[in-house]
Novice: 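Please see the structure below; I have some questions.
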Amino acid sequence: MVKKVDKKEAMKKIKPIIQEYFNSNDFTESSKIKLVVPSYGEHEVLEVIDSLLSTYVTMGEKVYSFEEQFSKYIGCKYATMVNSGSSANLLALQALANPTLENPIKPGDEIITTSLTWSTSVFPIFDINAIPVFVDVNKDSLTIDVKQLETALTSKTKAVLAVHLLGHPCQMDVLVDFCEKNDLYLIEDCCEAHGAEWNGKKVGSFGHISTYSFFFSHHISTIEGGIVLTNIDEINQLLKSLRAHGWIRERNDKTELARKYNHIDPRFLFVNKGYNLRPTEIQGAFGIHQLKKLETFLKIREENAKFWIDNLEEYRKFIHIPKIEENIRHAWFGFPIIISEKAGFKRENFVKHLEKNNIETRPIMAGNIIEQPAMNYYKWKQIGPLENSSRIMKNGFFFGNHSGIKQKEREYILKIIQSFLDHYI
Ligand SMILES: Cc1ncc(COP(=O)(O)O)c(C=O)c1O
C-alpha cells in the first residue's frame, strides 16, 4: 500500500530542495542586460506550492491578504486585486461610469489624459464611450503638462487620468486642486510607479481611484496581475461586483442585499453587471512575498539611476536624461534617454549600439498614442500639437533598471553608452 503523505510532510520535504535550487541559481546572471529579470525566489515558489497542495487555487485568503497589505503600503483604504494592470484600468473606468453612482461618467463625457502613455491606459476610456482629451507631457518628467489643464477643460470634462510614466510622479498638488475645483474624478495610473512619492505621499493615494500592474516586468510581480485602490466605500463595493460576474460575494453589504432580494438564491444573486477579472491564489501567493522586497528593489533602482545621472552629466548636450528632484521619489521603471535634435546621430544608431552590446532597450511606451493606428477607429480630442510626445516617441528609448542590475552591470552599461557618445564629443 502507498503511504499517505500529508501537506505538512510534503512541504517539509520540498522546502530544502527549493531552497537549494534558489541558493545555487542566480537568475540575474546573464550575458545579456535584460529589460527585466525574475525577482522571485524560494518564498514565492514555496507559497505557491502550498496553495497547489492545498488545492485552493482560485481567488482566496492569499489574494485578500495581499490586497490588505498593498492598500496599507500605499495608504489607501480598499484594494481589489485583478488579473492585470489593463484589467485594473478597465475596472476603474467601468466603476466610475456605473449608473449606480450619483455622478457617473456618461457617454460623450471627456477625460483629460496625456498623449505619451500606454495603450491600455487609454482604451478603457473608449469602452465607457467617453472621449479622451490628450494634453502633452512635460519634457523633463514625461508626465502630464499641468499648464495645459485649463485649456483642455470644457463643460463635458468629467475626469483626469494621470499616468505616472516610467515611475515619475505627476504634479499631484496641481492635479488634486484642479480636480477639486472643477468637481472632476482623479484617476491615477500607477502601473509603472510602485513606491513613487509626491511630497512624501505615495502615488495612488491622491485620486478617487488608482491602479497598479504586477506584470513580470514591473517593480514587483505576481506574474500577471493588477490592483485597483480607492478610499471610497461605495466604489469599493462596486469594484467587488464588477470584478466577478456582478454578484455579491465579496461585498461588505452582501447580507443586506441577500435580505433585500430574498426571492433569489444569494449564491447566484447579481446586483450589477460584471466581468471575470479575478486573480488566482498563485498571484496572491507571489504578491505577499514580493511586497516585502519592494523597498530593497527600489533602493537598487535609485542607486543605479543616480550613478548613470552623475556619470552622464557631461553628455547632456547630446542626450536628455532625468534629474534627481527634491520633492519626489522616482520609482525608476527604467532609465530613459532622449536624444537631442542636434546630437548629430539618430536614436536608431544609438539603440543598435546598445542592443549589439547586449543591452536590451524599449521605446518610451506607446509613444504619442494618437500616432498609433488603433486610434483611427475611435473618437478623441487633442490640445495643441503634442510636440513633446511626438519628439519623445521619435528620439527616446529606455533600458532596464531593476534589482538584477548591480554595480558590475551598471558600470558596463555606462561604458557602452560612453563608447558610443565619445565619437561625437
Ligand atoms: C502605464 C501602464 N498602464 C497600464 C499597463 C497595463 O498593465 P498590464 O501589462 O499588467 O496589463 C501598463 C503595462 O505596462 C502600463 O505601463
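In listed order, ligands and their atoms are each counted from 1.
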Novice: Which atoms of ligand 1 have any heavy atom of M365 under 4.0 Å away?
Specialist: 16 (O)
Novice: Is S121 close enough to touch ligand 1? Criterion: a residue heavy atom under 4.0 Å from a ligand atom.
Specialist: yes
Novice: What protein heavy atom is closest to atom 3 (N) of ligand 1, reported as residue, atom name and distance in Å?
Specialist: D189 OD2, 2.8 Å
Novice: Determine the interplanar angle of the H219 and F333 rings, folded into 0 to 90°, and report it as parallel if under 30°, tilted if 30 to 60°, perpendicular if over 60°.
Specialist: tilted
Novice: Does only the side chain of T211 get under 4.0 Å from ligand 1, or the backbone, or both, or neither? Count heavy atoms.
Specialist: neither
Novice: Assess the side chains of Q290 and T222: does a donor N or O sit below 3.5 Å from an acceptor N or O?
Specialist: no
Novice: Tell me the protein heavy atom at minimum distance from atom 2 (C) of ligand 1, and give that distance in Å.
Specialist: C191 CB, 3.5 Å
Novice: If you have a sec, work out which protein heavy atom is nearest atom 8 (P) of ligand 1 and how many Å separate them, to one decimal?
Specialist: G85 N, 3.5 Å
Novice: Could you tell me, atom by atom, which parts of ligand 1 come under 4.0 Å of a heavy atom of N89?
Specialist: 3 (N), 4 (C)
Novice: Looking only at distances, please establish whether an N/O atom of ligand 1 is found under 3.5 Å from an N/O atom of S87.
Specialist: no
Novice: Would the number of heavy atoms belonging to other residues, nucleotides or ligands and lying under 6.0 Å from NZ of K34 be above 12?
Specialist: no
Novice: Are side-chain N/O atoms of Q94 and Y275 paired as donor and acceptor at under 3.5 Å?
Specialist: yes
Novice: Fit a plane to each ring of F335 and W332, take the angle between them on a 0 to 90° scale, and name the class: parallel (under 30°), tilted (30 to 60°) or perpendicular (over 60°).
Specialist: parallel
Novice: As a quick check of understanding, evaluate side-chain hydrogen bond (donor to acceptor under 3.5 Å, both in side chains) for D140 and H320, giving each step before the final call.
Specialist: CA-CA 8 Å; D140 294 318; H320 185 89; 3.1 Å; yes
Novice: Identify, for atom 16 (O) of ligand 1, the protein heavy atom at the shortest distance, and state residue, atom and that distance.
Specialist: E192 OE2, 2.5 Å
Novice: Give every residue pair that meets the ring pair (Phe, Tyr, Trp, His ring centres under 6.0 Å) criterion with at least one member in residues 349-378, sequence neighbours excluded.
Specialist: F126-Y378, F345-F350, F350-F397, F350-F420, H353-F420
Novice: Check each atom of ligand 1 against the heavy atoms of S213 and keep those under 4.0 Å away; list them by number with element.
Specialist: 7 (O), 8 (P), 10 (O)
Novice: Among all protein heavy atoms in this structure, tell me which lies nearest to atom 14 (O) of ligand 1, with the distance rounded to 0.1 Å.
Specialist: H218 NE2, 3.2 Å
Novice: Relative to atom 9 (O) of ligand 1, which among F123, F216, F215 owns the nearest non-hydrogen atom?
Specialist: F215
Novice: Just to verify, what does D145 make a salt bridge (charged side-chain N to carboxylate O under 4.0 Å, His left out) with, not counting sequence neighbours?
Specialist: K147
Novice: Using the six-membered ring wherever Trp is involved, compare the ring planes of Y212 and F214 and label them parallel, tilted or perpendicular (cut-offs 30° and 60°).
Specialist: parallel
Novice: With a 6.0 Å cut-off (strictly less than), is the heavy-atom count around NZ of K293, excluding the residue itself, greater than 12?
Specialist: yes
Novice: Heavy-atom distances under 4.0 Å are what count here, so tell me which part of S84 touches ligand 1: side chain, backbone, both or neither.
Specialist: both
Novice: Side chain, backbone, both or neither: which part of S86 comes within less than 4.0 Å of ligand 1 when only heavy atoms are counted?
Specialist: both
Novice: Does ligand 1 have a heavy atom under 4.0 Å from the side chain of V163, from its backbone, from both, or from neither?
Specialist: side chain
Novice: What is the nearest protein non-hydrogen atom to atom 5 (C) of ligand 1, stated with its residue, atom name and distance?
Specialist: W118 CD1, 3.3 Å
